Amino acid sequence: MTKNHPFHLVDISPWPILGALSTMITMLGLIKWFHLYNNNLILIGLLSTSLIMYQWWRDVTREGTFQGLHTNKVAKNLRWGMILFITSEIFFFISFFWAFFHNSLAPNIDIGMIWPPKGIESFNPIEIPLLNTLILLTSGLTVTWAHHSLMENDYYQTLQALILTVILGMIFSMFQLFEYLEAPFTISDSIYGSTFFMATGFHGLHVLIGSTFLLICTIRHFNNHFSSIHHFGFEAAAWYWHFVDVVWLFLYISIYWWGS
């Protein structure tokens with residue numbers, strides 16, 4: 001069928017409704033896990049969500065890479081979609097910083113009128129937090145190296161830089177897990193524990209999502225899906241990773257360093 005416009009009208013797909021149902025199962029499983037200490041439903045939900053995500057992304061990859069449906073107009077709109085998504089994520093994290101500064105700048109009598117609250121032993125900002133900062137900043141350099149190498153059609157340097165970025169993201173996550181296991185306070189220890197674990201925990205989740213995003217880009221690059229002029233999938237992952245880097249810098253300066 002011929003068309004006289006540059007837009008992509010997607011085919012009928014089962015993935016949106018199935019994705020919504022599997023996400024609902026995951027959320028119900030989360031509630032069951034928290035209240036009944038039974039994780040079978042959340043495991044089913046996570047498995048089904050992962051399978052649907054894989055197949056949905058596979059279809060998008062086919063449309064953009066092999067069927068040529070991601071025209072310049074479509075790619076421009078995808079860019080705007082990613083920009084607006086990252087903007088929404090910025091406001092998501094602003095809410096955590098707002099809660100942190102609201103309570104830390106004027107601590108009330110319930111927490112001893114001091115910050116950190118009485119009885120809280122905070123982390124040393126020049127130990128694992130500083131190391132993780134250096135790791136994330138380095139990963140920002142490697143993902144930029146990958147982007148410039150891709151634009152210069154340097155296949156092997158792009159592959160090396162992407163692999164290095166994914167490894168650095170995984171190392172960051174392992175250090176954060178170790179930090180959580182060794183933490184002298186929990187999420188239920190006053191407003192400090194709540195804001196600390198909510199802010200750093202959601203950032204950690206974004207690092208895992210970004211690492212997965214970049215791993216998929218690495219596999220796609222290995223399979224020659226990207227060219228120097230057509231690689232928005234990678235570009236979106238790089239934008240997301242830089243966003244994760246910047247959020248961590250604010251977290252480190254405000255919560256780990258100033259807030260300790």
Side-chain angles (χ1 to χ4, degrees), residues 6 8 50 53-90 93 129-176 203-252:
H8 173 210
S50 300
M53 285 162 61
Y54 172 80
Q55 291 171 101
W56 199 344
W57 292 340
R58 177 205 62 190
D59 289 354
V60 174
T61 300
R62 284 173 178 170
E63 291 164 0
T65 308
F66 304 118
Q67 296 175 345
L69 297 172
H70 287 183
T71 60
N72 289 337
K73 186 72 175 178
V74 173
K76 183 181 178 181
N77 290 336
L78 288 171
R79 279 179 169 79
W80 272 111
M82 194 66 194
I83 288 166
L84 292 172
F85 169 69
I86 290 174
T87 303
S88 73
E89 292 281 276
I90 289 168
F93 276 99
L130 180 60
L131 178 60
N132 264 351
T133 303
L134 294 173
I135 289 167
L136 264 195
L137 289 175
T138 306
S139 72
L141 292 174
T142 56
V143 80
T144 305
W145 169 29
H147 194 187
H148 283 272
S149 298
L150 183 57
M151 289 191 291
E152 292 171 8
N153 271 326
D154 193 328
Y155 176 87
Y156 289 105
Q157 280 211 26
T158 306
L159 189 63
Q160 289 168 12
L162 275 170
I163 291 169
L164 199 54
T165 308
V166 172
I167 290 170
L168 287 168
M170 291 167 64
I171 292 170
F172 176 94
S173 296
M174 286 189 288
F175 273 124
Q176 191 167 34
H203 177 268
L205 178 64
H206 281 70
V207 171
L208 291 172
I209 292 167
S211 300
T212 307
F213 203 170
L214 287 165
L215 179 62
I216 290 166
C217 287
T218 307
I219 296 165
R220 289 190 65 195
H221 178 68
F222 182 77
N223 290 320
N224 289 300
H225 286 188
F226 299 133
S227 72
S228 60
I229 58 169
H230 192 84
H231 55 261
F232 176 67
F234 167 73
E235 209 170 352
W239 290 356
Y240 189 83
W241 197 250
H242 288 309
F243 155 73
V244 167
D245 279 357
V246 172
V247 169
W248 176 259
L249 285 176
F250 280 100
L251 281 171
Y252 177 73

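Not measured: the values here are computed from a predicted model.
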### Query
What is the minimum heavy-atom distance between Met151 and Ser228, and which atoms define it?
O-CB, 3.5 Å
### Task
Verify side chain to side chain contact (heavy atoms under 4.5 Å, CB included) between Ile209 and Val244, making sure each step is shown before the conclusion.
CA-CA 10 Å; Ile209 292 167; Val244 167; over 6 Å; no
### Message
Contact between Arg220 and Ile216 at the side-chain level, heavy atoms closer than 4.5 Å - yes or no?
### Response
yes
### Query
What closest approach, in Å, do Val166 and Thr218 show between heavy atoms, and which atom pair accounts for it?
CG2-OG1, 3.9 Å
### Query
Can you find a heavy atom in the side chain of Asn72 that is under 4.5 Å from one in the side chain of Pro6?
no
### Task
May I ask you to test the His8-Asn77 pair for a side-chain heavy-atom distance under 4.5 Å?
no
### Query
Is there a side-chain contact between Val74 and Thr71 (heavy atoms, below 4.5 Å)?
yes
### Message
I'd like to know if the side chain of Tyr155 and the backbone of Phe222 have a donor-acceptor N/O pair within less than 3.5 Å.
### Response
yes
#### Entry: Heavy-atom side-chain contact between Thr65 and His230 under 4.5 Å
no
### Message
Below 30° counts as parallel, above 60° as perpendicular, anything between as tilted: where do the rings of Phe243 and His206 land?
### Response
perpendicular
### Query
Which heavy-atom pair separates Val207 from Trp241 by the least distance, and what is that distance?
O-CZ3, 3.6 Å
### Task
May I ask you to test the Ile163-Leu159 pair for a side-chain heavy-atom distance under 4.5 Å?
yes
### Task
Of all the heavy-atom pairs spanning Thr212 and Leu208, show the shortest one and how long it is.
OG1-O, 2.8 Å
### Query
So how far is it from Tyr54 OH to Asp59 CG, rounded to the nearest 0.5 Å?
10.5 Å
### Heavy-atom side-chain contact between Thr138 and Leu164 under 4.5 Å
no
### Query
What is the ring orientation for His221 with Phe226, classed by angle as parallel under 30°, tilted 30 to 60°, or perpendicular over 60°?
parallel
### Query
Out of curiosity, Ser173 OG to Leu168 CG, how far, rounded to the nearest 0.5 Å?
11.0 Å
### Task
Over all heavy atoms of both residues, which pair between Thr158 and Leu150 is shortest? Give the atoms and the distance, please.
OG1-N, 3.1 Å
### Query
Heavy-atom count around Ile229 CD1 within 6.0 Å, excluding the residue itself: above 12?
no
### Summary
Between the CG atom in Leu84 and the CZ atom in Arg79, the distance rounded to the nearest 0.5 Å is 14.0 Å
### Task
Answer whether the closest heavy-atom distance between the side chains of Trp145 and Thr165 falls below 4.5 Å.
no
### Query
Can you tell me how far CH2 of Trp239 sits from CD1 of Ile83, rounded to the nearest 0.5 angstrom?
4.5 Å
## Note on the structure
Here the gap from Phe85 atom CZ to Ile90 atom CD1, rounded to the nearest 0.5 Å, amounts to 11.0 Å
### Task
Answer yes or no: are there more than 12 heavy-atom neighbours, outside Tyr252 itself, under 6.0 Å from its atom OH?
yes
### Message
Testing the basics here: between Cys217 and Gly233, what is the closest heavy-atom pair and its distance to 0.1 Å?
### Response
SG-O, 3.6 Å
### Query
Phe172: what forms a ring-ring contact (aromatic ring centres under 6.0 Å, His included) with it, not counting sequence neighbours?
His203, Trp248
### Task
Quickly, which of Phe234, Phe232, Phe66 forms a ring pair (Phe, Tyr, Trp, His ring centres under 6.0 Å) with His225? Name it, please.
Phe66
### Message
As an exercise, state the distance from CG of Asn153 to OG of Ser227, rounded to the nearest 0.5 Å.
### Response
7.5 Å
